[in-house]
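Just follow the structure's listing: the first ligand is 1, and inside any ligand the first atom is 1. As the structure is a computational prediction, the values presented were derived from the model and not from experiment.
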Amino acid sequence: MIREIQDEILRLKKEQDVCILAHSYVAREISEIADFVGDSYGLSVQATTAPQKNVIMCGVRFMAETVKILSPEKTVYLANPIAGCPMAEQMDKELIGAWKKAHPDYTVVAYINTTSDLKTICDVCVTSSSAVKIVNNMEADKILFIPDCNLGQYVAEQIPNKEIKLLQGGCPIHAAVPKRAVDEARALHPDALLLVHPECVPAVTKEADYVGSTSGIMNYAKASDAKEFIIGTEISIAEHLQYDCPDKKFYPLSKQLICPNMKATTLVDVLNVLKGQAGEEIVMDEETRLAAKHCIDEMIRLGG
Ligand code: 13P
Ligand code: SF4
């Protein structure tokens, strides 16, 4: 049944000149029919080079918005409109605008997990894979990092010579993993390496053998000579790795690392978007798009 739906998707996507982009957190049956699977940075860059006229994003809303910002000539659909990222909604233009007014000498660095509306007043965008490099490469040394205070704290620790202010925000899924989960997982799997996403709290990232984006974690585990890994990011990454590397062992750091928004998109949703029966077309006025594009262009320029 899954194979039949996949075949139908592949047929329709070719017929309709559609590129399917899938974040690494989505289900395996979706990643199998995607043109590109990757982390937030990879997806945003891939969108600009994809030759197709149309894009279906299997991920969350800010990712589809990023594609539209960079490729306005494409018709971009979010496969399931309920898939948002709660972190992206935590801070708005009013809050950050007021902060900027009170601190005019600070440069605002926004994690890509923000709305396009908020990006319009930010200076530079970063993803989890590029944050340290970009903040390092920036001329500014007084920075407000939003909205993820855990990623911001991680960046601040890597770059102690810059003054990095943080506001209280973050991923409710990653930030909920306590240090106790590390102690328990290490006790159960003493030979395993701990690979974690920088959205986890500092008490967890401090314990890690590697800290990186979803693609960074996957690449590290595949290239490593080690045989066992505790994976501190959304549970799907441990599952994908187990599938890709059957001779290694992968254990989720916590069984509660499940992002309901990333799980919201199904294979049938993708099929229904192609049939014109589901999905949401991302529409953005040109003023917002150009203002938001500025900080994504800066991300690409500084992140190389
Ligand atoms: P990546 O940049 O690693 O893809 O992270 C996106 C995300 O939402 C992690 O929770
Ligand atoms: Fe957002 Fe966290 Fe889900 Fe990533 S895992 S999409 S940051 S809620």
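Contact atoms of ligand 1 toward Thr214: 1 (P), 3 (O), 4 (O) (distance under 4.0 Å to a heavy atom of the residue). Set against the non-hydrogen atoms of Glu199, the atoms of ligand 2 under 4.0 Å away are 2 (Fe), 7 (S). Distances below 4.0 Å separate heavy atoms of Ser213 from the following atoms of ligand 1: 3 (O). Close approach of ligand 2 to Asn113 is summarised as follows: ligand atoms under 4.0 Å from at least one heavy atom of the residue are 7 (S). Close approach of ligand 2 to His174 (heavy-atom distance below 4.0 Å) involves ligand atoms 5 (S). Atoms of ligand 2 lying under 4.0 Å from at least one heavy atom of Met87, given by number and element, are 7 (S).
For atom 4 (Fe) of ligand 2, the closest non-hydrogen atom on the protein side is Tyr25 CE1, 4.0 Å. Looking only at protein heavy atoms, the nearest one to atom 2 (O) of ligand 1 is Ser128 OG, 2.9 Å. The protein heavy-atom contact nearest to atom 7 (C) of ligand 1 is Glu199 OE2, 3.6 Å. Looking only at heavy atoms of the protein, atom 8 (S) of ligand 2 is closest to Pro86 CD, 3.5 Å. Nearest protein heavy-atom neighbour of atom 2 (Fe) of ligand 2: Cys171 SG, 2.3 Å. Given atom 6 (C) of ligand 1, the protein heavy atom at minimum distance is Ser40 OG, 3.3 Å. In terms of protein heavy-atom proximity, atom 1 (Fe) of ligand 2 is nearest to Cys85 SG, 2.4 Å. Of the protein's non-hydrogen atoms, the one nearest atom 5 (O) of ligand 1 is His197 NE2, 3.3 Å. Annotation: atom 8 (O) of ligand 1 to nearest protein heavy atom, Asn113 ND2, 3.3 Å.
A heavy-atom separation below 4.0 Å is found between His23 and ligand 1. Contact annotation: His174 has at least one heavy atom less than 4.0 Å from an atom of ligand 1. Residue contacts with ligand 1 do not include Cys171, since none of its heavy atoms lies under 4.0 Å from the ligand.
Rounded to the nearest 0.5 angstrom, His174 NE2 and Met87 CE are separated by 8.5 Å. Residue Ile230 holds its CD1 atom at 8.5 Å from CD of Glu228, rounded to the nearest 0.5 Å. The distance from the CG atom of Asn113 to the CD atom of Glu199 is 5.5 Å, given to the nearest 0.5 Å. Taken from CZ in Arg61 to CD in Glu280, the straight-line distance is 4.0 Å, to the nearest 0.5 Å. Taking OG1 of Thr288 as the start and CD of Glu65 as the end, the distance is 9.5 Å to the nearest 0.5 Å. The line from CG of Leu70 to CD of Gln46 is 12.0 Å long, rounded to the nearest 0.5 Å.
For the pair Tyr25 and ligand 1, the shortest N or O to N or O distance falls below 3.5 Å. For a threshold of 3.5 Å applied to N or O pairs, the pair formed by Thr127 and ligand 1 contains no separation below that value.
Here Asp244 pairs with Arg28 in a salt bridge; the nearest charged N to carboxylate O distance falls below 4.0 Å. A salt bridge is absent between Asp141 and Lys162: the closest approach of a Lys/Arg side-chain nitrogen to an acidic carboxylate oxygen does not fall below 4.0 angstrom. Using a 4.0 Å cut-off between charged nitrogen and carboxylate oxygen, Asp7 and Arg3 count as a salt-bridge pair.
Atom CD of Glu286 has more than 12 neighbouring heavy atoms from other residues, nucleotides or ligands inside a 6.0 Å radius.
When each of Lys179, Arg186, Arg180 is paired with Asp183, the salt bridge (Lys or Arg N to Asp or Glu O under 4.0 Å) condition holds for Lys179 and for no other.
When every heavy atom of Ile30 is checked against every heavy atom of Thr266, the shortest pair comes out as CD1-C, 3.7 Å. Looking at every heavy atom in both residues, Glu32 comes nearest to Gln6 through OE1-NE2, 2.9 Å.
Taking backbone and side chain together, Cys259 holds an N, O or S atom under 2.8 Å from atom 3 (Fe) of ligand 2.
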